[in-house]
There are 2 protein chains.
Amino acid sequence: MRKSSKRKTMRLLDTIERLRAAGLRPTRQRAALAGLLGSEHRHISAESLHREAAKAGVPVSLATVYNTLHQFTEAGLLREVAISAGRSYFDTNTGDHQHFYCEESGELVDIPGNAIVVDGIPGPPKGTAIDRVDVVVRIRRN
Amino acid sequence: MRKSSKRKTMRLLDTIERLRAAGLRPTRQRAALAGLLGSEHRHISAESLHREAAKAGVPVSLATVYNTLHQFTEAGLLREVAISAGRSYFDTNTGDHQHFYCEESGELVDIPGNAIVVDGIPGPPKGTAIDRVDVVVRIRRN
DNA sequence: TCAACAGATTAGAACAATTCTAAAATGAAT
DNA sequence: ATTCATTTTAGAATTGTTCTAATCTGTTGA
Ligand SMILES: [Mn+2]
Ligand SMILES: [Mn+2]
Ligand SMILES: [Zn+2]
Ligand SMILES: [Zn+2]
C-alpha cells in the first residue's frame with residue numbers, strides 16, 4: 001500500500017467518524033461528498049457539487065446531494081450563504097466570517113470574522129433575538 | 001371633482017413625470033404599478049405586487065410586473081434585496097439602510113442607514129471596487 | 001453470518017420562481 | 001390618421017429545488 005493511498009484511507013476513516021459524531025449514518029454517498037468538500041474552505045452549490053461528484057466517478061443522485069447539503073448544514077458541518085435569489089450557496093467555512101461577492105463573476109471570497117466590526121445594531125423587534133449578522137460586500141470589476 | 005380625486009390625479013401626473021425622468025415611457029401599467037408602490041417604504045415580491053395589482057383592478061401580466069420591477073431597479077427607483085434563495089425582494093427605500101430578517105415570518109424590517117457602522121472591511125480583491133455593503137441581521141422569535 | 005428493519009438513495013415527477021418568445025397592442029412622433 | 005419603435009401579453013420554456021414512492025443498504029442482534 002503506497003503512502004498516498006494510506007493517507008486517503010485515514011482521511012476516509014476520519015470522515016466516517018465525523019459523520020457518526022454528527023449523528024449521520026456514514027453511507028457511501030455521504031462519505032464521498034464529505035471527502036469532496038475536503039478540508040480547505042470552499043463555496044459550492046448543489047449543482048456544482050453534483051457535477052464534481054460525477055467527474056470524480058462517484059455516481060450520486062442530485063436529490064441526495066441536496067439532502068446531504070441540508071443535513072450537513074443542520075449538523076453544523078456547513079453553513080448556507082444567501083447571496084442572490086435563484087441559487088443556494090453552501091460554505092465549508094462554518095466559523096465567524098463574512099464575504100466579498102462579485103456579481104459579474106459570481107465569485108465569493110472570505111473576509112475573516114475578526115476583521116469586520118458591525119456596530120450600532122438597534123435592539124431587535126420585540127419578541128425576537130439576533131441569530132446572526134451577515135455582511136456581504138458587493139464588489140465590481142474596474 | 002372631489003378633493004381626493006384631485007389628489008389622485010396630481011399623484012398620477014407626478015408619477016408620469018417621474019417615469020419620464022427615468023427614461024421610461026409612462027404606460028398604463030408602469031403608472032399603475034408605480035402608484036401601487038406608493039410613497040411609503042415597502043418590501044415586495046413580484047408575485048405579491050402582481051396580486052395587489054389584480055386586487056386593485058389593474059390587470060397587468062406577471063411578465064410585465066417582472067419587467068417593470070427590473071426596469072425600476074435599473075432606474076434607481078427600487079433596490080433589490082438578496083435575502084434568501086428562492087424569491088427576490090424589491091425595496092421602495094433606495095436610501096442607505098439595512099435589514100432585520102425573520103426567517104420564521106419572512107418579514108423584513110428596515111434599519112436606518114445612519115444607525116449601523118461597518119468597520120474594518122479589508123481592501124477589495126485586486127481589480128475590483130466596493131459597490132455596496134449589505135447587512136442582514138437575522139432574527140428568531142423567542 | 002444473516003434476517004429484519006429503519007433509514008438512505010434514487011429516478012423521475014412535481015413545483016415555484018423567473019425568463020423567454022413571438023404575436024398583438026399602444027404611446028409618441030409625424 | 002399613419003407609422004413605427006416600444007411595450008405588453010399569454011403561454012411556453014427554463015432553472016433550481018423538493019417530493020414521491022420504489023429500491024437499496026447499514027446496523028443490529030439472533
Ligand atoms: Mn435550505
Ligand atoms: Mn433580477
Ligand atoms: Zn465563506
Ligand atoms: Zn428596506
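Chain letters run A, B, ... following the sequence lines, proteins first and then strands; every chain starts at 1.
Rounding to whole angstrom units, CG of residue A:L19 and P of C:dT9 are separated by 10 Å. For B:E47 and C:dT19, the CD to P distance is 12 Å, given to the nearest whole Å. Atom CD1 in A:I44 sits roughly 15 Å away from atom C1' in D:dT17 (whole-Å rounding). Summarising the geometry, the separation between NE2 on B:H50 and P on C:dA16 is reported as 16 Å, rounded to the nearest angstrom. Distance, B:L24 CG to D:dT7 C1': 11 Å, rounded to whole Å. Taking atom OH of A:Y66 as the reference point, atom P of C:dT10 lies 15 Å away to the nearest angstrom. When rounded to the nearest whole Å, the span between CG of B:L62 and P of D:dT7 equals 19 Å. Whole-Å rounding puts the A:R51 CZ to D:dT15 P distance at 12 Å.
Here D:dT7 is the nucleotide among D:dT7, D:dA10, C:dT10 with the atom lying nearest to any side-chain atom of B:R30. When each of C:dT10, D:dT27, D:dT7 is scored by its nearest atom to the side-chain atoms of B:T27, the top-ranked nucleotide is D:dT7.
Using cut-offs of 30° and 60° on the angle between ring planes, the pair B:H43 and B:H99 is perpendicular.
Each of B:A63 and A:Q29 was matched to the nucleotide of DNA chain C holding its nearest heavy atom; the match closer to the 5' end belongs to A:Q29.
Between A:S88 and D:dT17 there is a side-chain polar atom (N or O) within less than 4.0 angstrom of OP1 or OP2. Look at A:R28 and you'll find a side-chain N or O under 4.0 angstrom from OP1 or OP2 of D:dG26. In this model, the phosphate group of D:dT8 is not approached by any side-chain N or O of B:S61 to a distance below 4.0 Å at OP1 or OP2.
At a cut-off of 3.5 angstrom, the base of D:dT6 holds at least one donor-acceptor pair with the side chain of B:R25.
Using a cut-off of 4.0 Å between Lys/Arg side-chain N and Asp/Glu carboxylate O, B:D131 and A:R140 are scored as salt-bridged. Ion pairing of B:E52 with B:R42 is present here, as a side-chain N (NZ or NE/NH1/NH2) and a carboxylate O approach within less than 4.0 Å.
Linking Ile, Leu, Val, Met, Phe, Trp and Tyr residues whenever their side-chain heavy atoms come within less than 4.5 Å leaves B:Y101 and B:V109 in two separate clusters.
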Could you go through residues 30-39 of chain B and list every donor-acceptor pair under 3.5 Å that involves a side-chain atom there, pairing it with any protein atom two or more places apart or in another chain?
from, atom 1, to, atom 2, distance (Å)
B:R30, NE, B:Q71, OE1, 3.3
B:R30, NH1, B:R25, O, 2.9
B:R30, NH2, B:Q71, OE1, 3.3

